[in-house]
2 protein chains.
Amino acid sequence: MFKTEIADCTMEWLRCLRKNGYRLTAPRKAVVEIMASSQYILTPTDIFTLARERYPKLGLVTVYRTIEKLEELGLLQRVHRPSDCQGFIAAYQGHQHMLICQKCGLVQFFDGDHDGINDLMKDVETQTGYKINEHWLQLFGVCKKCRQKNN
Amino acid sequence: MFKTEIADCTMEWLRCLRKNGYRLTAPRKAVVEIMASSQYILTPTDIFTLARERYPKLGLVTVYRTIEKLEELGLLQRVHRPSDCQGFIAAYQGHQHMLICQKCGLVQFFDGDHDGINDLMKDVETQTGYKINEHWLQLFGVCKKCRQKNN
DNA sequence: TTTTATGCAAAGTATTTGCACGGGA
DNA sequence: TCCCGTGCAAATACTTTGCATAAAA
């Protein structure tokens, strides 16, 4: 049920970009290197700052444009949180949901094809007459490490 | 499990504002009248346009400021959707979740204290070591009316 | 060599803030 | 009357677009 391995998919992402007709440029590589290995939700500005350490000439606009492409290819997904919705994180295969640490921002994925959810959706369909096409489930909490650290 | 009644909470909201030390002004009333009875997700601009029909001198800034207060008082909640997160809708008592029609935007509420969800959260807590504090569950689909109308 | 990608600057959106005036209580 | 609330204008953020240059293939 859980994806705990921290795979660095940089090579895979670069291959995917090339396969889809995109050129492999230094700025793109810098952004991909950051995002393909991060377990944290990053905003375009965060990405810009981090990727600049690898490629100082990088412009913020290129970050936006690269995010757009990676999202199109299903490699990156936008994350919605109560306070902001500009965060991005690597998208995992299949139907995945997130558990987000409210202290450190660490993200853990779990899949949503749990019987409970399916039962709930069936109930809701029957009772409302809606045809349900999509569901969003996101959990917020405090991770193991943060719980041990303080209070 | 479902809240199907379409209660117009205008009076209740106005009472709540006054109880919390806010003045009952014409612009605020116009915004409250729109939001307290809407079953649809509205953006600040939508609210502005609609409330202007009732109070033409209304400024967009006042809409933002009123939304802020209503949100603070727990009367209004922000709704996140794949494409945008600037929508608002009346917040219902207790732990509520939304089922949103992808065609017409009609929103139906249901409560999330379903056994399935609780079981899932317990599983996730055990397996990850996280302490879960909050969950977001939102369903997207097509409502009865829209399904009957076209295709 | 050809064509895509980049970075800068400028233009759009969305939202917030400063401030003098107006209207609720 | 007193003070909060309002609308305007300006400021701030965030994101997208136009365009000449740079670099991938």
Side-chain angles (χ1 to χ4, degrees), chain A residues 13-35 41-73 75-88, chain B residues 11 13-35 41-73 76-88:
Chain A
W13 289 23
L14 293 176
R15 228 175 289 127
C16 181
L17 278 167
R18 197 165 38 187
K19 201 163 60 186
N20 285 82
Y22 295 114
R23 290 181 181 178
L24 299 189
T25 65
R28 279 181 186 158
K29 281 178 192 164
V31 171
V32 166
E33 279 166 18
I34 296 301
M35 294 311 295
I41 296 163
L42 301 174
T43 64
T45 308
D46 292 337
I47 300 169
F48 178 59
T49 307
L50 290 167
R52 250 187 171 208
E53 290 170 11
R54 290 159 190 257
Y55 184 73
K57 280 187 283 176
L58 182 68
L60 181 57
V61 179
T62 299
V63 174
Y64 277 101
R65 288 192 277 225
T66 304
I67 288 173
E68 189 181 53
K69 275 155 194 69
L70 295 174
E71 212 182 354
E72 260 171 42
L73 297 174
L75 300 172
L76 219 54
Q77 66 181 117
R78 183 183 290 270
V79 182
H80 298 264
R81 283 174 294 179
S83 50
D84 74 296
C85 309
Q86 4 290 146
F88 290 88
Chain B
M11 288 305 150
W13 288 24
L14 292 177
R15 228 175 289 128
C16 181
L17 279 166
R18 197 167 36 189
K19 200 164 59 184
N20 285 83
Y22 295 114
R23 291 182 179 175
L24 299 189
T25 65
R28 278 181 187 159
K29 281 178 192 165
V31 172
V32 166
E33 278 166 18
I34 297 300
M35 295 311 295
I41 297 163
L42 301 175
T43 64
T45 307
D46 293 338
I47 301 170
F48 178 60
T49 306
L50 290 168
R52 249 185 171 207
E53 290 170 11
R54 289 159 190 255
Y55 183 75
K57 279 188 284 176
L58 181 68
L60 180 56
V61 178
T62 298
V63 174
Y64 277 101
R65 288 192 275 225
T66 304
I67 288 173
E68 189 180 52
K69 274 155 195 65
L70 295 174
E71 213 183 352
E72 261 171 40
L73 297 174
L76 219 55
Q77 67 181 117
R78 184 182 288 271
V79 182
H80 298 263
R81 284 174 295 180
S83 51
D84 73 296
C85 309
Q86 4 289 146
F88 290 88

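Letters A, B, ... mirror the listed sequences (proteins, then strands); counts begin at 1.
- Proximity of A/Phe88 to A/Glu71: side-chain heavy atoms (C-beta onward) are separated by under 4.5 Å at one or more points.
- Nearer to the 5' terminus of DNA chain D, by closest-nucleotide assignment, is the contact made by B/Arg23 (compared with the other of B/Arg23 and A/Leu24).
- One interatomic measurement links the two molecules: CZ of B/Arg28 to P of C/dG24, which rounds to 12 Å at whole-angstrom precision.
- Put simply, B/Arg18 has no side-chain N or O that comes within less than 4.0 Å of OP1 or OP2 on C/dG24.
- Minimum heavy-atom separation, A/Val63 to A/Leu58: CG2-CD2, 3.8 Å.
- Contact annotation: B/Thr25 side-chain N/O to D/dG5 OP1/OP2 distance is not under 4.0 Å.
- Among the protein residues, B/Arg65 comes within range of the nucleic acid bases, having at least one heavy atom under 4.0 Å from a base atom.
- Look at B/Gln86 and you won't find any side-chain N or O under 4.0 angstrom from OP1 or OP2 of C/dA14.
- With the nearest nucleotide of DNA chain D identified for both A/Val61 and A/Thr45, A/Thr45 has the one nearer the 5' end.
- At a cut-off of 3.5 Å, with distance as the only test, no side-chain donor of B/Thr49 or B/Asp46 sits close to an acceptor on the other residue.
- In this structure the side chain of B/Leu73 never reaches within 4.5 angstrom of the side chain of B/Trp13, judged on heavy atoms.
- A donor and an acceptor atom, one from each side chain of B/Tyr55 and B/Glu33, are nowhere located under 3.5 Å apart.
- Applying the 4.0 Å criterion to OP1 and OP2 of C/dT15, one finds that B/Tyr64 has a side-chain N or O inside that range.
- Mapping B/Pro44 and A/Tyr22 onto DNA chain C by nearest heavy atom places A/Tyr22 at the nucleotide closer to the 5' end.
- Here the C1' atom of nucleotide C/dA5 and the CD atom of A/Glu72 are 15 Å apart, to the nearest Å.
- Here C/dA9 presents its P atom at 14 Å from CG of A/Leu60, a figure rounded to the nearest Å.
- Atom CG of A/Asn20 and atom P of D/dA25 are 14 Å apart (whole Å).
- The distance between atom CD1 of A/Ile47 and atom C1' of D/dT15, rounded to the nearest whole Å, is 14 Å.
- Remark: P of D/dA22 and CG of A/Leu58 are 18 Å apart, rounded to the nearest angstrom.
- Taking atom NZ of residue B/Lys29 and atom C1' of nucleotide D/dT6, one finds them 15 Å apart after rounding to whole Å.
- If you measure from atom CD of A/Glu68 to atom P of D/dC14, you get 19 Å, rounded to the nearest angstrom.
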